[in-house]
Amino acid sequence: MADGQVVTYSYAWKGGPRLPGKPGDPDFVAAYNRAVARRIVAPEGTLQSILDAYQESDKFREGIADRTRRDYIKHIKQIEIEFGDFPIAALTDKRAKGEFMDWRDRLARRSRRQADYTFTVLSAALSWALERSRIDANPCRGVERLYDGNRVDKVWEPDHEAAFLAVASRPLRLAFLMGIWTGQRQGDLLRLTWTAYDGERIRLRQSKTGIRVMVPVAGPLKAELDTTKRLSPIILVNTRGKPWDEDGFRKSWRTATRKAGIIDLTFNDLRGTAVTRMAINEATEPEIAAVTGHTLRDVRSILDANYLHRDPALAENAIRKLERGTKPPK
């Protein structure tokens with residue numbers, strides 16, 4: 001733990017539920033027996049059988065990133081507790097949608113965002129089953145989210161950048177420059193190896209989409225990369241020279257942002273900031289997409305809905321262009 005204390009967690013099986021107490025304790029044994037019974041006895045015709053099959057599918061095991069899969073498993077456990085014995089036949093009943101939404105609303109009393117996430121995982125499992133004709137309806141499809149995850153105003157301004165770099169360790173400084181100059185996701189950058197960098201470009205395959213991108217390395221990032229000691233096959237390492245796991249990185253990142261006085265900005269906001277900065281400097285949507293791996297529609301959505309209409313530099317550019325191209329009246 002963060003305070004140096006060592007604790008031991010026990011699980012029913014790899015990826016299975018965590019068990020209370022110590023092996024041999026009555027509560028431990030009872031929880032283990034309940035978990036195994038639920039795993040083994042998944043009667044056909046219940047939602048539990050669909051959840052089990054979904055977790056064994058190639059789509060679940062190979063089609064999503066490791067971190068996402070771990071998150072899904074946590075949410076699936078909640079679904080199993082509430083709806084494991086829900087009859088598949090009842091999914092076509094018009095009341096099923098309301099039943100699932102009422103449950104989602106109860107979860108939202110603790111966290112609207114997490115309630116949406118759990119509901120999305122349930123819908124994903126049902127969509128997978130529907131595509132394979134295992135069920136006849138997905139009542140969770142098309143339900144509006146409770147949480148507004150819009151990142152309007154969540155852009156790293158130059159003042160934020162300067163404040164962060166002033167307090168960041170050398171490893172976090174490199175991570176920041178990687179994020180802002182490549183526009184890639186945190187998980188992909190944390191896994192990036194030195195073999196992906198040839199001195200001029202960074203090549204990677206995005207884990208979320210499978211898209212391959214080749215990013216020319218800008219001067220500030222190149223200078224940092226070329227003076228960084230290669231302590232590991234992985235580019236981004238912590239102060240001990242070891243690759244970060246995602247939880248450790250997020251913790252270090254939060255500590256640095258708090259020290260810099262930065263509130264409500266995350267590493268993931270660097271991706272949208274990179275899109276914005278390229279657009280401000282007159283990069284076209286296809287040019288931006290070639291760097292970040294977004295679809296053109298996603299680039300347009302970021303620029304239209306979240307960032308650019310809030311940026312005064314764009315308005316300034318527009319008026320100056322209009323000024324240069326407009327002849328004064330005679």
Side-chain angles (χ1 to χ4, degrees), residues 65 67-68 71 112-113 116-117 120 145 147-165 168 172-192 202 204-218 220-221 224 236 244 246 249-250 252-254 256-258 260-318:
R67 171 60 195 272
T68 303
D71 286 343
R112 296 165 70 89
R113 185 175 187 177
D116 279 340
Y117 198 164
T120 297
R145 291 175 178 264
Y147 175 76
D148 182 6
N150 196 329
R151 298 297 292 177
V152 173
D153 288 336
K154 307 306 179 188
V155 176
W156 286 77
E157 303 290 354
D159 289 348
H160 296 136
E161 179 175 357
F164 181 84
L165 294 179
L172 286 177
R173 175 186 174 88
L174 177 58
F176 179 92
L177 293 174
M178 291 281 281
I180 201 70
W181 284 103
T182 69
Q184 302 303 312
R185 296 178 181 85
Q186 174 184 301
D188 288 332
L189 291 177
L190 291 181
R191 290 185 290 271
L192 198 65
I202 289 174
L204 64 88
R205 182 177 183 270
Q206 295 181 338
S207 59
K208 184 174 181 179
T209 63
I211 292 173
R212 296 185 182 276
V213 294
M214 182 177 65
V215 183
V217 176
L221 176 56
E224 195 74 15
L236 294 180
W244 263 301
E246 294 196 13
F249 180 80
R250 281 195 296 272
S252 297
W253 187 268
R254 283 195 301 268
T257 53
R258 284 197 296 266
I262 297 170
I263 300 172
D264 202 24
L265 282 175
T266 68
F267 186 93
N268 289 332
D269 292 323
L270 293 175
R271 185 161 159 82
T273 303
V275 170
T276 304
R277 291 187 179 184
M278 284 186 277
I280 289 172
N281 288 282
E282 302 185 352
T284 65
E285 290 174 5
E287 288 170 342
I288 294 170
V291 171
T292 64
H294 285 103
T295 64
L296 289 176
R297 185 196 308 179
D298 286 343
V299 171
R300 193 170 300 117
S301 176
I302 292 170
L303 301 182
D304 180 55
N306 295 339
Y307 300 104
L308 296 189
H309 69 291
R310 313 274 310 181
D311 198 304
L314 292 175
E316 183 76 19
N317 287 348

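Residues take their numbers from the sequence shown, with the count starting at 1. This one's a predicted model, so the numbers in the text were calculated from it and none came from an experiment.
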Contact check, side chains of Glu282 and Glu287, non-hydrogen atoms, under 4.5 Å: no

Of the non-hydrogen atoms in Ala163 and Ala260, which two are nearest, and what is the gap between them? O-CB, 3.5 Å

Reported CD1-to-CE distance for the pair Ile202 and Met178, which is rounded to 0.5 angstrom: 4.0 Å

Keeping the roles fixed (side chain from Arg271, backbone from Thr292), state whether a donor-acceptor pair exists under 3.5 Å. yes

Evaluate the side-chain proximity of Leu204 to Arg185: yes if any heavy-atom separation is below 4.5 Å, no if none is. no

Where is the tightest heavy-atom contact between Ala218 and Trp181, given as atom of each residue plus distance? CB-CE3, 3.2 Å

Using atom types as modelled and distance alone, determine if a side-chain donor or acceptor of Glu285 lies under 3.5 Å from a backbone N or O of Arg297. no

Any idea which heavy atoms bring Ser207 and Arg191 closest together, and the distance? OG-NH2, 2.9 Å

Would you call Val291 and Val213 a side-chain contact if the rule is heavy atoms closer than 4.5 Å? no

For the side chain of Ser252 and the backbone of Phe249, is there at least one donor-acceptor N/O pair under 3.5 Å apart? no

Can you tell me if Asp116 uses its side chain to pair, donor with acceptor, with the backbone of Arg113 under 3.5 Å? no

Nearest heavy-atom pair of Ile262 and His160: which atoms, and what distance? CD1-O, 3.5 Å

In terms of side-chain heavy atoms, does Asp71 have a donor or acceptor partner in Thr68 at a distance below 3.5 Å? no

Value for CG (Leu190) from CD (Glu246), rounded to nearest 0.5 Å, stands at 6.0 Å

Applying ring pair (Phe, Tyr, Trp, His ring centres under 6.0 Å), can you list everything that pairs with Phe164, at least two apart in sequence or on another chain? Trp156, Phe176, Trp253

How many angstroms lie between CZ in Arg254 and OG1 in Thr266, if you round to the nearest 0.5 Å? 11.0 Å

Is there a side chain to side chain contact (heavy atoms under 4.5 Å, CB included) between Asp188 and Lys208 once you walk through the steps? CA-CA 9 Å; Asp188 288 332; Lys208 184 174 181 179; 5.7 Å; no

Below 4.5 Å, heavy atoms only, C-beta onward: do Leu236 and Leu189 meet side chain to side chain? yes

How far does CG of Asn268 sit from OG1 of Thr273, to the nearest 0.5 angstrom? 10.5 Å

Any idea which heavy atoms bring Leu172 and Ala168 closest together, and the distance? CB-CB, 4.0 Å

Partner of Leu221 under side-chain contact (heavy atoms from CB on, under 4.5 Å), chosen from Val215, Leu177, Ile180: Leu177

Correct closest heavy-atom pair for Gly183 and Ala274 would be CA-CB, 3.8 Å

